[in-house]
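What follows is a single structure, written as structure tokens, with notes after it.
Letters A, B, ... mirror the listed sequences (proteins, then strands); counts begin at 1.
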Amino acid sequence: MPELPEVESIRQGLRLGVSGDERAGERPSLIGMEISAVDVLWARSIHTPDAAEFVATLPGRALVEVGRRGKFLIFHLSAGAMLIHLRMSGDLLVERGGDYGAHQRVVIHFKQGWRLAFNDPRKFGRVWLVDDPEQVLAGLGPEPLAPSFSSQLLAEKLQATTRQIKPLLMDQSFLAGLGNIYTDEALYRAKIHPLTPARQVSRERAEALWDSIRFVLAEGIRMNGASIDWVYRGGAFQNQFQVYGRKGQACRACGTTIQRILVGQRSTFFCPICQSLTENRPV
DNA sequence: CACGTCACCTGCGTGC
DNA sequence: TGCACGCAGGTGACGT
């Protein structure tokens, strides 16, 4: 489910807490809390080490900071780090008391009485406990919002391959953080057809793509994520979609009907006029 | 190397 | 109401 902006929204909620009265969702920051116990309800949610060792190792460690790299959440502990990838349907909830929800797979209890619950209906999400986060993150491509990710770097990387632009942008080893929604939105804003061979993207249009990627991600974060079914988090970026999920509706720029095709088994939405395959449109 | 297919899972909406 | 089907924000292991 979550792409970079949703993961970032969760990160900020966990490290800063959420204000409001408790009934309306007030949550403390988890920073500084000490783990007292761990429940694993679906063993395969734990990627590394095995579930038994995971449960035995965590108690006594304190949460020092919550970071993010691509779509991974990084929980820096007083010793080592826990990483979580939410995949399609994962979510993290901070709660206290009461029964576990139906889809909770891993629950981390803190001495302070609160608990962090990894909720994941489809069971695709994974959790790691490692000494060094790089053991998990080593293969990731650049962080799109980092200052070091320049338009020149993107342009050069695009020139280095003939792969179709959409699957390429979704390849986490090429660039870390884009998923199906934000990729379609970025390609639309840059006026690039999703099947365009990367090498055919001009320098000028690569610049526009760089700009679009950073724009849609920043907007997503600002809107608290796209959260189609994360109602409680109030993500509003879904209201900003220009193409995603808009098959049959009019392009907001030219009025042409938005098309849906399959690219690498994924639904892909685009405007056949604004995003023509031939490079003859204004950037 | 680039691409297609399937597997991993559950829940929801739709149409019969 | 029941049921089959298609669909979903992601990734990894295959085969060609």
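The nearest whole Å value for the distance from the CZ atom in A/Arg266 to the C1' atom in C/dG6 is 15 Å. Separating the CG atom of A/Leu4 from the P atom of C/dG10 is a distance of 11 Å, rounded to the nearest angstrom. Rounded to a whole Å, the CE atom of A/Met88 is 13 Å from the C1' atom of C/dG6. Separating the CD1 atom of A/Ile261 from the P atom of B/dC3 is a distance of 13 Å, rounded to the nearest angstrom. Taking atom CD1 of A/Ile84 as the reference point, atom C1' of C/dG10 lies 16 Å away to the nearest angstrom. Put simply, CG on A/Asn180 is 5 Å from P on C/dG9, counting in whole angstrom units. Rounded to whole Å, atom P of B/dT10 lies 14 Å from atom CG of A/Asn119. Rounded to whole Å, atom P of C/dT11 lies 10 Å from atom CH2 of A/Trp128.
A donor-acceptor pair under 3.5 Å is absent between the side-chain atoms of A/Arg246 and the main chain of A/Ile258, judged by distance alone. Of the possible polar contacts, none joining the A/Arg105 side chain to the A/Phe118 backbone as a donor-acceptor pair under 3.5 Å is found. Under a 3.5 Å cut-off, the side chain of A/Ser173 and the backbone N or O of A/Gly139 do not form any donor-acceptor pair. A distance-only check finds a donor-acceptor pair linking the side chain of A/Gln275 to the backbone of A/Ile192 [under 3.5 Å].
Ranked by how close their nearest DNA chain B nucleotide is to the 5' end, A/Thr161 and A/Arg126 are led by A/Thr161.
In terms of phosphate contacts, A/Tyr182 brings no side-chain nitrogen or oxygen within less than 4.0 Å of OP1 or OP2 of C/dG9. Considering only side-chain N and O atoms, A/Gln172 lies under 4.0 angstrom from the phosphate OP1 or OP2 of C/dT11. Side-chain N/O atoms of A/His103 include none lying less than 4.0 angstrom from OP1 or OP2 on B/dC9. The side chain of A/Lys71 contributes no N or O atom lying less than 4.0 Å from OP1 or OP2 of C/dG9. The shortest distance between the side-chain N/O atoms of A/Lys123 and the OP1/OP2 oxygens of B/dT10 is below 4.0 Å. Contact annotation: A/Ser89 does not reach the phosphate of B/dG11 (side-chain N/O to OP1 or OP2, under 4.0 Å).
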TODO: Toss me the dot-bracket line for DNA chain B: Watson-Crick and G-U wobble, both under 3.5 Å, 5' to 3', using | for pairs to another strand and [ ] for crossers.
DONE: .|||||||.|||||||
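Rounded to whole Å, the separation between the C1' atoms of B/dC3 and C/dG9 comes to 23 Å. For the C1' atom pair drawn from B/dG11 and C/dG12, the interatomic distance equals 23 Å after rounding to whole Å. Spacing between C/dG2 and B/dC9 at atom P, rounded to whole Å, works out to 28 Å.
Note: the hydrophobic cluster containing A/Leu217 also contains A/Ile165 (ILVMFWY, side chain heavy atoms under 4.5 Å, direct or indirect links). The same ILVMFWY cluster, assembled from side-chain heavy atoms under 4.5 Å apart, contains both A/Trp210 and A/Leu187.
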Would you list the atom pairs, donor with acceptor, under 3.5 Å between side chains in residues 59-69 of chain A and any protein atom, with sequence neighbours excluded?
| unit_1 | atom_1 | unit_2 | atom_2 | d |
| --- | --- | --- | --- | --- |
| A/Arg61 | NH1 | A/Ala79 | O | 2.7 |
| A/Glu65 | OE1 | A/Arg15 | NE | 3.0 |
| A/Glu65 | OE2 | A/Arg15 | NH2 | 2.9 |
| A/Arg68 | NE | A/Glu8 | OE1 | 2.6 |
| A/Arg68 | NH1 | A/Gly70 | O | 3.0 |
| A/Arg68 | NH1 | A/Glu143 | OE2 | 2.6 |
| A/Arg68 | NH2 | A/Glu143 | OE2 | 3.1 |
| A/Arg69 | NH1 | A/Gly141 | O | 3.1 |
| A/Arg69 | NH1 | A/Glu143 | OE1 | 2.9 |
| A/Arg69 | NH2 | A/Gly141 | O | 2.8 |

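Evaluation of A/Phe124 against the base of B/dC8 yields a stacking contact (centre distance < 5.5 Å, interplanar angle < 30°).
Comparing B/dG11, C/dC7, B/dC9 by their closest approach to the side chain of A/Arg44 singles out B/dC9. Listed candidates were B/dT5, C/dA8, B/dC9. Nearest to the side chain of A/Gln265 is B/dT5. Ranking B/dT10, C/dG10, B/dA2 by closeness to the A/Arg122 side chain, first place goes to B/dT10. For A/Ile181, counting side-chain heavy atoms from C-beta on, the closest listed nucleotide (B/dG11, B/dC8, C/dG9) is C/dG9.
Within the structure, every pair that satisfies the salt bridge (charged side-chain N to carboxylate O under 4.0 Å, His left out) test and touches residues 144-172 of chain A, not counting sequence neighbours, is listed here: A/Arg163-A/Asp171, A/Lys166-A/Asp184. Residues in residues 119-135 of chain A take part in no salt bridge (charged side-chain N to carboxylate O under 4.0 Å, His left out) pair, two or more places apart or across chains.
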- [ ] Might you work through the salt bridge (charged side-chain N to carboxylate O under 4.0 Å, His left out) test for A/Glu3 and A/Lys71, ending with a clear yes or no?
- [x] CA-CA 6 Å; A/Glu3 304 179 35; A/Lys71 301 173 193 171; 5.8 Å; no
Quick one: which protein N/O atoms are closer than 3.5 Å to N/O atoms of nucleotides 12-16 of chain C? Pair and distance per line, please.
none

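Grouped by direct or indirect side-chain proximity (heavy atoms under 4.5 Å, Ile/Leu/Val/Met/Phe/Trp/Tyr only), A/Val136 sits with A/Phe72, A/Ile74, A/Leu83, A/Trp128, A/Val130, A/Leu137, A/Leu140.
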